[in-house]
There are 2 protein chains.
Amino acid sequence: MKLEILTKNDHQQLHNEIIAKIRDLINNKNLEPGDKLPSERMLSERFEVSRGNVRETIQKLEFYGILKSKPQSGTFVADIGLVAMNGMIDDILALEDPDFKSLVETRILLELKTVRLAAKRRTNDDLEKIETALESYKKKVLNNEDAVQEDLLFHLAIAQACRNSTINRMMLIITPEIINNFEKYHVCDKNQGPKRIKEHQDIFNAIKDQNTQKAKEMMKVHFNELYKYCYNI
Amino acid sequence: MKLEILTKNDHQQLHNEIIAKIRDLINNKNLEPGDKLPSERMLSERFEVSRGNVRETIQKLEFYGILKSKPQSGTFVADIGLVAMNGMIDDILALEDPDFKSLVETRILLELKTVRLAAKRRTNDDLEKIETALESYKKKVLNNEDAVQEDLLFHLAIAQACRNSTINRMMLIITPEIINNFEKYHVCDKNQGPKRIKEHQDIFNAIKDQNTQKAKEMMKVHFNELYKYCYNI
DNA sequence: TATGAAAAATTGGTTAACCAGATTGGTTTA
DNA sequence: TAAACCAATCTGGTTAACCAATTTTTCATA
């Protein structure tokens, strides 16, 4: 068997092809939720791909809750029903790579929520961590140094204080993609140090006072330029 | 070397230990962004784990944009800075498993946004897909059949119409977890068929009329009981 | 000494072989 | 007849061997 090294994109495309084949297999064989899929070896032979590729694809479908592997037993169709399964797989296959606009739109949505929840739920410990992040940020900016990282950590500290593990996870997922795009498009203008410091300080104060409405408003102000940038581009 | 089969939890814990060790390594050796990590073989030997475990962990950190593997070359520290890297890794290590409340809270947040965006941006094609999903849902409910899947697909069709790939991806991530928890806690009460149909119909009409405000309101009404259930529990 | 080509070592990616637990079918026994 | 047991087989998980691209080293030559 020939050996090929695939790029990330090739990989994704191959996974999608295998996903479609698994879906067709389930539909053609009239497999019900809870039924066992053919073994990884059988699938790799039938689809004419390596067993590793089959395993990776199954893991992806497990991530989305569509399949369920049991060690030394087999891979099973999850209990979400065939209609839902078909719909979700179609959605997964149609997923596009995230564009900058959708990333920013999502970040704003998430952060307007995290800041409100943080204002409501923050413990004193949370508050201390946010303040520490704020101070590091201020220090860098006042020294005229690049403070992108400290900026980011301030926002992540707020996310942690919101006490919602799902939102927190999503913030972590989009953060690196945001950073990369920021660098690519040079979004951050450096000459607004004092203004940015005040915005961060206002957000912090609102969280400290547990003023949820104010916290949201201040975050909105903070995102104002990013918002405009994103929708004018 | 002894062979062990690990549960999902053991795996996550092992990954977290390796992540912490990689972080310490980067800090102790003063590796800068762009620098090369020791090879996978070296790491597996030093950490006394299998190379497979090292590879899985590196892939996880790649997913969060912290490392970057180059084939036949090495694994590199990404260009996000040491401070940000340490902060993000700490966040990743502190991530808890999603609880039901955080899932519902996030779902409501996302869907109040998707419905507004869908009302604004939906194409005629999107509208047709949503209507198809609605009709399947109605049919099932009127026949007194279980319609959880069709309910779900209606909401996913709206998510697709919102034209934001990032939000769409997040909806797909939380959907199976929502389903599992719904089943576990028996959230869905079956005796509200006509009421639920009307709520879905109202949402659809608002999207059709491109009335963003109304769409949001109707979705809020639709989530009202779930909201109460979630915050009273 | 500088340079360039070739070979040796190193790398992440890939495949194949192996492992132990789970399943299954047939046989035996109460 | 049915229940219990055992061995052969099948399963996903794991490890080790292998591959080809890359990087580093070496050494002959200008």
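Chain letters run A, B, ... following the sequence lines, proteins first, then strands; residues in each count from 1.
Rounding to the nearest 0.5 Å gives a distance of 11.0 Å between CG of Leu110(A) and CG of Leu117(A).
With sequence neighbours left out, the side-chain contact (heavy atoms from CB on, under 4.5 Å) criterion links Ser136(B) to Glu150(B).
Atom CG in Leu37(B) sits about 15 Å away from atom C1' in dT10(C), given to the nearest Å. Here the C1' atom of nucleotide dT14(D) and the CD atom of Glu40(A) are 12 Å apart, to the nearest Å. Atoms CZ (Arg41(B)) and P (dA16(D)) sit 12 Å apart, rounded to a whole Å. Remark: P of dT15(D) and CG of Leu14(B) are 10 Å apart, rounded to the nearest angstrom. The CZ atom of Arg55(B) sits 14 Å away from the P atom of dT11(C) (whole-angstrom rounding). If you measure from atom CZ of Phe76(B) to atom C1' of dT10(C), you get 12 Å, rounded to the nearest angstrom. Atom CZ in Arg51(A) sits about 14 Å away from atom C1' in dT14(C), given to the nearest Å. The nearest whole Å value for the distance from the CG atom in Asn53(B) to the C1' atom in dG12(C) is 16 Å.
Between Val77(A) and Glu32(A), every side-chain heavy-atom pair lies at or beyond the 4.5 Å cut-off. A heavy-atom distance below 4.5 Å is not found between the side chains of Lys113(B) and Asn164(B).
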**Study point:** Audit row: Thr123(A), Asp126(A), side chain to side chain donor-acceptor pair (under 3.5 Å) steps and yes/no
**Key:** CA-CA 5 Å; Thr123(A) 63; Asp126(A) 291 328; 3.1 Å; yes

Going by atom type alone, with no hydrogens or angles, which donor-acceptor pairs under 3.5 Å involve a side-chain atom of residues 61-68 of chain B and a protein atom two or more places apart or on another chain?
from	atom 1	to	atom 2	distance (Å)
Glu62(B)	OE2	Lys8(A)	NZ	3.4
Glu62(B)	OE2	Ser69(B)	N	3.3

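Between Ser39(A) and dT11(D) there is a side-chain polar atom (N or O) within less than 4.0 angstrom of OP1 or OP2.
Using a 4.0 Å cutoff on non-hydrogen atoms, no part of residues 56-69 of chain A comes near DNA chain D.
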Every protein N/O lying under 3.5 Å from an N/O of nucleotides 22-24 of chain C:
from	atom 1	to	atom 2	distance (Å)
dA22(C)	O4'	Gln72(A)	O	3.1

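Listed by first and then second residue, the salt bridge (charged side-chain N to carboxylate O under 4.0 Å, His left out) pairs that reach into residues 82-100 of chain B are Arg23(B)-Asp90(B), sequence neighbours excluded. Each salt bridge (charged side-chain N to carboxylate O under 4.0 Å, His left out) pair with one or both residues in residues 37-53 of chain B, not counting sequence neighbours, appears once here: Glu40(B)-Arg51(B), Glu40(B)-Arg55(B).
At a threshold of 4.0 angstrom between heavy atoms, the contacts of Gly52(B) with the nucleic acid are absent.
Under the 30°/60° scheme for interplanar angles, the aromatic rings of His200(B) and Phe154(B) are found to lie parallel.
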